[in-house]
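Data first, discussion second: the structure below is written as structure tokens.
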Amino acid sequence: MTKYVDRPIPQISLADFDKRKDEITRQLCEAAENVGFFAIIDHGISREELDAAFSLSKSFFELPQNVKQTVALTPLNAGYECRSQVRPSTGVPDEKESYQLQFGENMGDRWISDEHLPGFKQSSLAFMHRLQAVSEKLMICVARGLGFPDGYFVEAHDVSRPNCQTVMRLLHYFEVPKETAGKVYHRGGVHADWDFITLLLQRQGQPGLEICPGREVVTEWAKGHAWTKVACDPDSIVCNIGDLLMSWSDDRFKSTLHRVKSPEDEGDNYEERYSIAFFNQPCTDALIQGPQKKYPMVTGQEFTANAIARNYKALQEATNGAKA
Ligand SMILES: O=C(O)CCC(=O)C(=O)O
Ligand SMILES: [Fe+2]
């Protein structure tokens, strides 16, 4: 049985943003320093827009496998993958499929064609811009909180530039058999995100996301630690700090371990699950260094490459360890 502990996940309203920037900055900094997760409400994206985005996602995942494979995942994190993401924490692929969409040149020819899904690219990009607009509000507050000019992080994540690396990820977790016969079906193994801030959208009645604050446990992938269930409210956007912002804030803001629970305990969600994650990533030439200069300056490209290499190394160690 998993150990659980109730930790409050702060809720932050973005209503009257222009008038309330300083108040929101205070709330956001407190959440980022202590929990690493918070939920935003009054973000301006309507229930209809959210429903439409999930319908679009479903229409993609319902395509035949050979059609989805026409946009197979590239090393630049664009395109479709199925049961291929292996987390260092588990050593086996997550029971899911996902489609990574980017604004910039990394996307190449990985958009599903209009022939298969008319208007998919246009509708997805329009929705990505809506999530970008919400992200930019958070970036302004983070900049204020860290003593940078308001536009500092917005410029570093400018999605109108071809070298932008921001990703919207459509996720579909497969149904898990109720009789697991001892097999653990990992949905989203324990990990921390390596981006700036992640925005996560969930569907009513499709829970599963759990967090484990305490960066010190990262090397053990939170095994044996107490988890907190994140409420599955379709009107709020769950946000978490990623490794990039942790580093860019000289470790003041915490990138938090999280997972999508493997259904195995009483009351777990065994049904299929859809979610949408929006990973704010810097332009490749953005220069990254915190106000106290705790870490050497790196470019956006170097930061992302280092994160991928670190993950790969951890994976090698985990899978070699499992074989030994
Ligand atoms: O689907 C979810 O709820 C979380 C997804 C996630 O953590 C990720 O893709 O990094
Ligand atoms: Fe994540």
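Below, each value reflects all heavy atoms present in this structure, side chains not excepted, and no hydrogens, waters or symmetry copies. Throughout, residue positions are numbered sequentially from 1 according to the sequence presented. Numbering of ligands and ligand atoms starts at 1, following listing order. What you see is a predicted model, and the numbers here were worked out from it, not measured in a lab.
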Is it the case that [X] and [Y] place a side-chain donor and acceptor less than 3.5 Å from each other?
{"X": "T25", "Y": "D22", "result": "no"}
{"X": "D193", "Y": "H258", "result": "yes"}
{"X": "S98", "Y": "Q100", "result": "yes"}
{"X": "D285", "Y": "N163", "result": "yes"}

Quick check: of its N, O or S atoms, which one does D193 have closest to the Fe ion (ligand 2)?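 Nearest N/O/S atom: OD1.
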
Could you list which atoms of ligand 1 come closer than 4.0 Å to a heavy atom of [X]?
{"X": "V260", "result": "1 (O), 2 (C), 3 (O), 4 (C)"}
{"X": "L200", "result": "2 (C), 3 (O), 4 (C)"}
{"X": "D193", "result": "10 (O)"}
{"X": "F279", "result": "8 (C), 9 (O), 10 (O)"}

For ligand 1, is any non-hydrogen atom under 4.0 Å from H258's backbone (N, CA, C, O), its side chain (CB onward), both, or neither?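 The answer is the side chain.
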
Ligand 1 contacted by R259 (non-hydrogen, < 4.0 Å):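 R259: no contact with ligand 1 (<4.0 Å).
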
Is it true that K58 and E62 make a salt bridge, defined as a side-chain N closer than 4.0 Å to a carboxylate O?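 The answer is yes: the pair qualifies as a salt bridge.
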
Given the ring of Y99, does K68 sit roughly above its face, with NZ or CZ under 6.0 Å from the centre of the six-membered ring and within 45° of the axis?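 The answer is no, since K68 fails at least one limit relative to Y99.
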
Using the ring of Y152 (Phe, Tyr or Trp, six-membered ring only), decide whether R144 places NZ or CZ under 6.0 Å from its centre and within 45 degrees of its axis.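 R144 over Y152 ring: no.
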
How far is atom 9 (O) of ligand 1 from the closest protein heavy atom, and which atom is that?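 Looking only at protein heavy atoms, the one closest to atom 9 (O) of ligand 1 is R169 NH1, 3.0 Å.
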
Minimum-distance protein heavy atom relative to atom 5 (C) of ligand 1: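 So the nearest neighbour among protein heavy atoms is Y173 OH, 3.5 Å.
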
Could an N or O of ligand 1 be found under 3.5 Å from any N or O of H191, whether backbone or side chain?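 By distance alone, the answer is yes.
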
